[in-house]
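Accompanying notes for the structure given below.
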There are 2 protein chains.
Amino acid sequence: MNIGEAARRAGLPAKTIRYYEDIGLVAPHRDANGYRRFGDREVHKLAFLARARSLGFSIDDCRMLLSLYEDRGRASAEVRGLAQRHAKEIDARIARLKEMRATLGELIEACAGDERPDCPILKDLAGG
Amino acid sequence: MNIGEAARRAGLPAKTIRYYEDIGLVAPHRDANGYRRFGDREVHKLAFLARARSLGFSIDDCRMLLSLYEDRGRASAEVRGLAQRHAKEIDARIARLKEMRATLGELIEACAGDERPDCPILKDLAGG
DNA sequence: CCTTGACCTTCCCATGACTGGAACCCTAGA
DNA sequence: TCTAGGGTTCCAGTCATGGGAAGGTCAAGG
């Protein structure tokens with residue numbers, strides 16, 4: 001199948017698939033006319049990537065995951081370790097965002113939000 | 001004062017300050033030797049930006065916030081609206097990350113993480 | 001006077017993971 | 001034959017910096 005169909009099946013934009021080929025994540029064959037030709041194997045790989053990306057794994061993580069996936073003898077501990085490191089990062093990002101959110105919430109609460117110019121939000125930004 | 005001192009006081013890298021000048025957020029004067037000269041006003045503005053950025057506001061939001069800050073007659077409702085939109089975005093990002101984290105948590109839990117190759121994480125990525 | 005070291009300047013390139021667009025080629029159907 | 005809807009490559013842009021080269025400036029010390 002061509003890239004459009006592969007994109008539909010894998011749930012990825014065609015542009016993204018071309019990019020993945022550029023950086024060596026997939027290597028579809030080419031037809032005589034130069035079109036990329038995708039088989040089920042490639043589409044499966046692309047769907048794998050789409051899923052991993054949707055879980056927030058970086059492209060580098062995805063590369064690792066793919067190679068682990070294709071290594072029939074790997075230890076599940078390696079995969080689990082990778083996932084755990086990633087989970088930790090996500091926890092950190094959530095924590096950071098929650099901090100921001102809490103501060104923002106307080107400021108929003110403190111601000112009347114009417115036509116008057118007095119604004120605790122700007123006061124805070126300006127250094128209290 | 002020169003850019004280094006301004007950077008120290010505002011809590012921003014000098015590079016970032018130069019960038020902020022490039023995109024028109026600040027406009028320090030120049031000494032005869034070409035060095036940027038910052039007064040307390042500029043440093044105050046930079047600290048304002050640093051604080052707003054640390055709360056996750058985009059550069060465009062910061063531009064808006066600065067202009068609201070410098071408009072003595074603005075309605076606090078405008079600032080509050082901006083902050084609320086931003087808070088909503090953060091909420092969305094947190095929600096998205098929490099979803100990822102939950103799925104990751106389940107997968108990590110399900111994976112033995114030993115020397116055997118059987119791995120629920122890879123199974124999930126491969127489409128269940 | 002010279003050197004050293006810490007500043008400062010501009011300029012260009014790189015990041016991550018795409019996305020948009022231009023300019024062009026290929027193919028099937030009316 | 002024309003058109004529509006694929007496909008191709010290549011270049012540039014996103015966001016908010018960070019890194020580093022090549023060079024100018026300045027104060028202190030020998």
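First the proteins, then the strands, lettered A, B, ... as listed; each starts at 1.
- For A/D31, the CG atom sits in a packed shell: over 12 heavy atoms of surrounding residues, nucleotides or ligands are nearer than 6.0 Å.
- Heavy atoms of B/I3 sit under 4.0 angstrom from primed sugar atoms or phosphate atoms, though from no base atom.
- In the 5' to 3' direction, nucleotides of DNA chain C lying under 4.0 Å from heavy atoms of chain A begin and end at C/dA17 to C/dT27.
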Quick one: side chains of residues 18-28 of chain B, donor-acceptor pairs under 3.5 Å with protein atoms, not counting sequence neighbours, listed by atom name and distance.
residue, atom, partner, partner atom, Å
B/E21, OE1, B/R30, NH2, 3.3
B/E21, OE1, B/R36, NE, 2.5
B/E21, OE1, B/R36, NH2, 3.2
B/E21, OE2, B/R30, NH2, 3.4

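- Contact check on A/R85 versus A/E89 returns no salt bridge, with no Lys/Arg side-chain nitrogen under 4.0 Å from an Asp/Glu carboxylate oxygen.
- B/R63 has its CZ atom 12 Å from the C1' atom of D/dA16, to the nearest Å.
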Mind listing the N/O atom pairs, protein and nucleotides 18-24 of chain D, below 3.5 Å?
residue, atom, partner, partner atom, Å
D/dG18, OP2, B/T16, OG1, 3.2
D/dG19, N7, B/K15, NZ, 2.7
D/dG19, O6, B/K15, NZ, 2.4
D/dG20, O6, B/K15, NZ, 2.4
D/dG24, N2, B/Y35, OH, 2.8

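- One can place CG of A/D31 at 9 Å from P of D/dT8, the figure rounded to the nearest angstrom.
- The side-chain contact (heavy atoms from CB on, under 4.5 Å) test with A/L125 is passed by exactly one of B/V79, B/L65, B/L68: B/L65.
- A residue-by-residue look at A/F38 and B/S58 shows that A/F38 has its nearest nucleotide of DNA chain D further toward the 5' end.
- Heavy atoms of B/R18 sit under 4.0 angstrom from at least one base atom.
- One atom, CD1 of B/I23, and another, P of D/dC15, lie 10 Å apart when rounded to the nearest Å.
- A pairwise comparison of heavy atoms in A/I17 and A/A7 identifies CD1-CA, 3.6 Å as the closest pair.
- Salt-bridge formation is detected for the pair B/R116/B/D114: a Lys NZ or Arg NE/NH1/NH2 atom is positioned less than 4.0 Å from an Asp or Glu carboxylate oxygen.
- Going from atom CZ of B/F57 over to atom C1' of D/dA16 covers 17 Å, rounded to whole Å.
- Rounding to the nearest 0.5 angstrom, the gap separating the CG atom in B/L97 from the CG atom in A/D91 is 9.5 Å.
- Here A/R37 lies out of heavy-atom contact (under 4.0 Å) with every strand.
- Taking the charged nitrogens against the carboxylate oxygens, A/K45 and A/E42 have no contact shorter than 4.0 Å, which rules out a salt bridge.
- The cationic atom of A/R72 (NZ for Lys, CZ for Arg) lies less than 6.0 Å from the six-membered ring centre of A/Y69 and within 45° of the ring axis.
- In this structure, B/R53 and A/G34 both approach DNA chain D, and ranking their closest nucleotides by distance from the 5' end singles out A/G34.
- Rounded to an integer number of Å, the gap from B/D22 CG to D/dC15 P is 15 Å.
- When heavy atoms are screened at a 4.0 angstrom cut-off, B/Y20 is found touching the sugar-phosphate backbone but no base atom.
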